[in-house]
K.L.:
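Can you read through this structure? Questions will come right after.
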Amino acid sequence: MCGILGYIGKEQVAPLLLKGLEKLEYRGYDSAGVAILDGERLNVTKTKGRLKVLSELLKQGKEIQGTVGIGHTRWATHGEPSDVNSHPHLSESGKFAVVHNGIIENYLHLRDFLADNGKKFLSETDSEVIAQLLEYYDTGDLLETVIKVKEKLEGSYALGIICRDNPDRIVAVRKDSPLIIGVGRGENFIASDITAIVSKTKTIIRLKDGEIAILEAENIKLYDKHKTELKKDISTIDWNISEAKKEGYEHFMFKEIMEQPKVIGDTISPRIRDEEIILDKINLSKEYLENINKIYIIGCGSAFHVGCIAKYIFEKLLRKSVEVDIASEFRYRDPIVNKDVLVIAISQSGETADTLAAVRESRKLGARVLSIVNVVGSSIANESDDVIYTWAGPEIAVATTKAFSTQLAIVYLLALYMSKKLGKIENKDYFEYIAELLSLSSKIETILKEKENIREFALDHYSTEDVFFIGRNLDYALSLEGSLKFKEISYIHSEAYAAGELKHGTISLIEKGTLVVAIAAQDALVEKMISNIKEVKARGARVLGITTQKNADIKKVCDFTFCIPEICNLLKPSLTLIPLQLLAYYVASERGCDIDKPRNLAKSVTVE
Ligand code: G6P
């Protein structure tokens, strides 16, 4: 989704913005622009397309002088990707320039109001109304003007504002859309995402909803809507810059796939002490757990798929009923949630608008919300009753891999922790699961060493047009993710189906040569899977089977088989996931797709 970067200091800002905006490319975008103050004039350059087009227009930044500026990468919502719809937007006289992330929900009303008062609009965006409002309500006092405009806006926004008459300032405001301030020496930054500024400073202020920041090169002040100055909450980020670099890999996605043994170890090992699971500061008492009658899991995209797998795990280990919901559906369907329900929200970014709204709705209804989040200090983390962080490090590729694996690892830890508290698990089983969890890293490592086998299969099948991912039970839940990963980066149509359900309609799509990926790792269901594989084979499908050595019978019915190391059934999704990620990656790579930034997608979806 859209990205914001702003700078005020001594450096020439155009090359700095171009370089910093590159770090936001991974969020997904279709156009980019900058507004630069050179002391007297406010220059805007913006264009549809990738940053390199903007960079050429700006002669790599040499074209415009100035040390104060704001930049933006846009992911179109209101109005097609075009030069004129790109940000920054200017007010009619060119006095104010604005970059905006989020959606102004009452923009049509504001636009009519401004048009009735003589303002002319150039773009189709909701964002342009902000620039026009700033000019309309201009009092000559920048802070006062911004406060007035803020009162008129409904929806979500992170804003960077500069004004020709205040060439030594940048204003930042946010509501329901992330924005941070980077604190430097003689220079300061605003950014929608830490990655854009981490190479410059690790000292940050996380702007809170409703706060207004005025940045000067040597000074930062925060205000509320009454112009009262607020205390600054300064923190330091413990990010390693190399984590946000490709480090010799061709794509971030591949690097992140390869990092999984390490991040799984980082997420699990410190939380197991003397065979006890310690979940950070969380304490879910036995009484509380006994009283909850339902667990609700919410998330979007891949995080929702972690929830689908988690349902099987929690139900098996806790014998409590679990509902999984897509966050955007949950929030508008009057969910049956109250104090007796534990809501688990899963999100890598911690900023997904629908998941955040579902968290708020759940808490309003009286439920306790526990979130599983990767980005420390993110909105979902801040607004939940309890947070367990996945220690996956920054994930840059739009298609999630290591964040997914670590979310799943937390699900196992949490389910075992709760099961033990409730007395639902025998000690012997508990210790076995702990040992298996601790073996995950090395088993994933073993799978990654065999990646060449998956690559060879991908080389033979990258021109396929349809793929069906089938499985039963946990293998089915995982196939949802296998299919999503595959389609989102390769642009090949794919569907996930419960293997037993295929014959109720979808099998009519199977014909000679159709590719079917059959995940058949659940020991008790292998025989059933063999029957389902035979059904598709009989109609001409080519089948890739994913199983374990123990279930080698699968080999007899598949065209190609990949075996994962042995592990207990419950933990198998953590391993069967890896060949599915590799398959998606190698097929997309062979097709020459933009793997880290697939078309139309965004890493962090901060609009509904
Ligand atoms: C986007 C990403 C997906 C991700 C989903 C939820 O669609 O492309 O990879 O699963 O958002 O994101 P979250 O940050 O909440 O996990």
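In listed order, ligands and their atoms are each counted from 1. Keep in mind that this is a model prediction, so the values were computed, not measured. The first residue of the sequence shown is numbered 1, and numbering continues consecutively from there.
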K.L.:
Between Met253, Arg591, Gln581, which is the residue that forms a side-chain contact (heavy atoms from CB on, under 4.5 Å) with Ile489?
P.N.:
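By the side-chain contact (heavy atoms from CB on, under 4.5 Å) criterion, Ile489 pairs with just one of Met253, Arg591, Gln581: Met253.
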
K.L.:
Taking only non-hydrogen atoms of Thr400, do any sit less than 4.0 angstrom from ligand 1?
P.N.:
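Yes, Thr400 has a heavy atom closer than 4.0 Å to ligand 1.
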
K.L.:
Look at atom 13 (P) of ligand 1 and say which protein heavy atom is nearest, naming residue and atom and giving the distance to 0.1 Å.
P.N.:
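Minimum-distance protein heavy atom for atom 13 (P) of ligand 1 reads Thr352 OG1, 3.2 Å.
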
K.L.:
Counting non-hydrogen protein atoms only, what is the nearest one to atom 11 (O) of ligand 1? Give residue, atom name and distance.
P.N.:
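The answer is Lys603 O, 3.9 Å.
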
K.L.:
Of all the atoms in ligand 1, which lie at a distance below 4.0 Å from a heavy atom belonging to Ala303?
P.N.:
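Those qualifying, in numeric order: 10 (O), 16 (O).
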
K.L.:
Could you check atom 10 (O) of ligand 1 against the protein and tell me its nearest heavy-atom contact, residue, atom and distance included?
P.N.:
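The closest one turns out to be Ser302 N, 3.0 Å.
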
K.L.:
A side-chain contact here means heavy atoms from C-beta on lying under 4.5 Å apart; do Asp594 and Arg599 qualify?
P.N.:
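No, their side chains stay 4.5 Å or more apart.
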
K.L.:
Does any N/O atom on Ser349 come nearer than 3.5 Å to any N/O atom on ligand 1?
P.N.:
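Min N/O separation from ligand 1 is below 3.5 Å for Ser349.
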
K.L.:
Please write down residue, atom name and distance for the protein heavy atom closest to atom 16 (O) of ligand 1.
P.N.:
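Sorting protein heavy atoms by distance from atom 16 (O) of ligand 1 puts Gln348 N, 2.7 Å first.
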
K.L.:
Suppose we measure from atom 6 (C) of ligand 1 to each protein heavy atom; which comes out shortest, and what is that distance?
P.N.:
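Nearest neighbour among protein heavy atoms for atom 6 (C) of ligand 1, to 0.1 Å: Cys300 O, 3.3 Å.
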
K.L.:
Ile297 pairs by side-chain contact (heavy atoms from CB on, under 4.5 Å) with which of Val343, Ile346, Ile309?
P.N.:
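Only one option passes, and that is Ile346.
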
K.L.:
Which residue supplies the protein heavy atom nearest to atom 8 (O) of ligand 1, what is that atom called, and how far is it?
P.N.:
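Of the protein heavy atoms, Ala602 O, 3.1 Å lies nearest.
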
K.L.:
Distance only, no hydrogens: is a donor on one side chain within 3.5 Å (strictly under) of an acceptor on the other, for His493 and Asp466?
P.N.:
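Yes, a side-chain donor-acceptor pair sits under 3.5 Å.
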
K.L.:
Does NZ belonging to Lys294 count more than 12 external heavy atoms closer than 6.0 Å?
P.N.:
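It does: Lys294 NZ has more than 12 such atoms within range.
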
K.L.:
Please list the nearest protein heavy atom to atom 9 (O) of ligand 1 with its residue and the distance rounded to 0.1 Å.
P.N.:
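Ranked first by proximity to atom 9 (O) of ligand 1 is Val398 O, 3.4 Å.
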
K.L.:
Determine whether the side chains of Ser384 and Ser371 contain a donor N or O and an acceptor N or O closer than 3.5 Å.
P.N.:
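A donor-acceptor contact under 3.5 Å links the two side chains.
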
K.L.:
Is any side-chain heavy atom of Leu21 closer than 4.5 Å to one of Tyr29?
P.N.:
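A side-chain contact is absent here, since even the closest heavy-atom pair is not under 4.5 Å.
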
K.L.:
Looking at Asp385 and Arg368, would you say the former's side chain and the latter's main chain have a donor-acceptor pair under 3.5 Å?
P.N.:
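No, Asp385 side chain to Arg368 backbone: no donor-acceptor pair under 3.5 Å.
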
K.L.:
Which ligand 1 atoms does Ser347 reach within 4.0 Å, using its non-hydrogen atoms?
P.N.:
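Counting atoms of ligand 1 from 1, those under 4.0 Å from Ser347 are 13 (P), 14 (O), 15 (O), 16 (O).
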
